[in-house]
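For reference, the structure is listed below as structure tokens.
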Amino acid sequence: MKSIQSNIKKAKKYLNKNCCIGVPTETVYGLAANAYIDSAVNKIFQLKKRPKTNPLIVHYININSLKKDCIINDNFIKLYKKFSPGPITYILKLRKNSRISKNVTNKGKSLAVRFPKHKILKKLLTELNYPLAAPSANISSRLSAVKASDVKEEFGSKVKFILDGGRCNIGVESTIIKLTENPKILRLGGLNISKIEKVLGRKINIDINPKNKISPGQYPLHYSPGIPLKMNVKKAKNNEAFILIKKRKITLKNYFYLSKKNNLNEAAKNLYSCLRKIKNKGYKSIVVEKISDKGMGSVINDRLVRASKY
Ligand code: TXA
Ligand code: MG
């Protein structure tokens, strides 16, 4: 407990100096900085090698702290009451007098906001008088980080401090819903869409693969393990890493289970660390068995499709 408190103090010290630090969330680790300060936000883009045109998510402790920066609406309030804090990100209209750095949104008029559930990050946010801009803590287009050591692996000593909050519980990023117009899902993620539809009382459009221009939230190349990946494969060659979800009678050295009991939540939680492990073991290619497209299965498949575009 004492060490948590002293780590939070350290995190605060770095953030107050406009540094960028690694922070835990219930979905994936974030690379965080003061969302109100241009130079702090710039450091995130530099470290991640992220195009300036791809805006960041800002993390707030609660609705009260958000109201100064964004215009809220009825759909937001319904969803906030039910699902926040938790793995859902809302796109809202920015207020004209908002203090959010223009660099967060690439001068855009909307802001992605999230209320994380991770205890340690919540504690940190309550002690700060500014929200945290925090994209996933990985080099752009690479695998997301689900442990403090993954963040270290991505950035080495370039990130001065990582607030260690253990392994992320959900293991895939938040679901993104645009609420500035008719609700629209921009990214599949930790919160199931059917739950959102229940609360809003209607079907919601899903717009995760735009045909024409790439807009924020929809960058196709993503989550890449850095080696070729093929999906829906029944059998693997000996030199290929084989990702499985259903227990087989025999287990070979190149078999990597996302879940031993075909549990899709557990599989999602293990996805990024499994891909990272395979890459670090030096495999040159990955094949994945067919994964059901239900519930978290559809999120896993979404990430694998993008990872396969390497
Ligand atoms: O679970 C998560 O959401 C994690 C944790 C750290 O909170 N964060 C995360 O951030 O996944 P990032 O930057 O890797 O993904 C944010 C996505 C990007 O695809 C970005 O294009 C989109 O959100 N986005 C940000 N602002 C947006 C906006 N105003 N309109 C539409 N999409 C936006
Ligand atoms: Mg990301």
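In each ligand, atom 1 is the first atom listed, and ligand 1 is the first ligand listed. Quick note: residue numbers are just sequence positions, from 1. Note that the coordinates shown come from a computational prediction; the quantities given were computed from them, not determined experimentally.
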Next item on the list: List the atom of L179, the atom of Y90, and the distance in Å for their closest heavy-atom pair.
Entry: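 Between these two residues, the closest heavy atoms are CD1-CD2, 3.6 Å.
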Are any of the N or O atoms of [X] closer than 3.5 Å to those of ligand 1?
X: E173; answer: no
X: S174; answer: yes
X: R187; answer: yes
X: T25; answer: no

Indicate whether the side chain of [X] and that of [Y] have a donor and an acceptor atom separated by less than 3.5 Å.
X: T25; Y: R114; answer: yes
X: N62; Y: Y80; answer: no
X: Y60; Y: D69; answer: yes
X: T27; Y: S174; answer: no

Atoms in ligand 1 flagged as close to [X], the criterion being non-hydrogen separation under 4.0 Å:
X: N54; result: 18 (C), 20 (C), 21 (O)
X: V28; result: 4 (C), 6 (C)
X: S110; result: 28 (C), 29 (N), 30 (N)

Could you tell me whether ligand 1 has any atom less than 4.0 Å away from a heavy atom of [X]?
X: H59; result: yes
X: L186; result: yes
X: G108; result: no

Region of [X] that comes within reach of ligand 1 [heavy atoms, distance under 4.0 Å]:
X: R50; value: side chain
X: I176; value: side chain
X: K178; value: neither
X: A134; value: backbone

Next item on the list: Hey, could you give me each pair passing ring pair (Phe, Tyr, Trp, His ring centres under 6.0 Å) that has a residue in residues 273-295? Not counting sequence neighbours.
Entry: F256-Y283
Next item on the list: Could you list all the ring pair (Phe, Tyr, Trp, His ring centres under 6.0 Å) pairs where at least one residue sits in residues 14-34, not counting sequence neighbours?
Entry: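 For residues 14-34: Y14-F161.
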Check: Can the positive tip of R99 be found less than 6.0 Å from the middle of the six-membered ring of Y36, inside 45° of the ring normal?
Finding: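 Cation-pi check for R99 and Y36: passes.
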Notebook entry, point to check: What class does the angle between the rings of Y255 and Y257 fall in, given that below 30° is parallel, 30 to 60° is tilted and above 60° is perpendicular?
Noted result: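 It falls in the perpendicular class, over 60°.
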Next item on the list: Could you tally the protein N/O/S atoms lying less than 2.8 Å away from the Mg ion (ligand 2)?
Entry: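 Counting protein N, O and S atoms closer than 2.8 Å to the Mg ion (ligand 2) gives 1.
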Note to self: Taking R276 first and then E153, would you say they form a salt bridge - that is, a charged N and a carboxylate O separated by under 4.0 Å?
What the structure shows: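 A salt bridge is present here (some side-chain N lies under 4.0 Å from a carboxylate O).
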Note to self: Taking the basic N atoms (NZ, or NE/NH1/NH2) and the acidic carboxylate oxygens, is any pair closer than 4.0 Å for K78 and D74?
What the structure shows: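 Answer for the salt bridge query: no.
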Checklist line | By side-chain hydrogen bond (donor to acceptor under 3.5 Å, both in side chains) - contacts of N73 (at least two apart) | finding: none
Margin query: For S136, is there any backbone N or O sitting under 3.5 Å from a side-chain donor or acceptor partner on K48?
Written below: yes
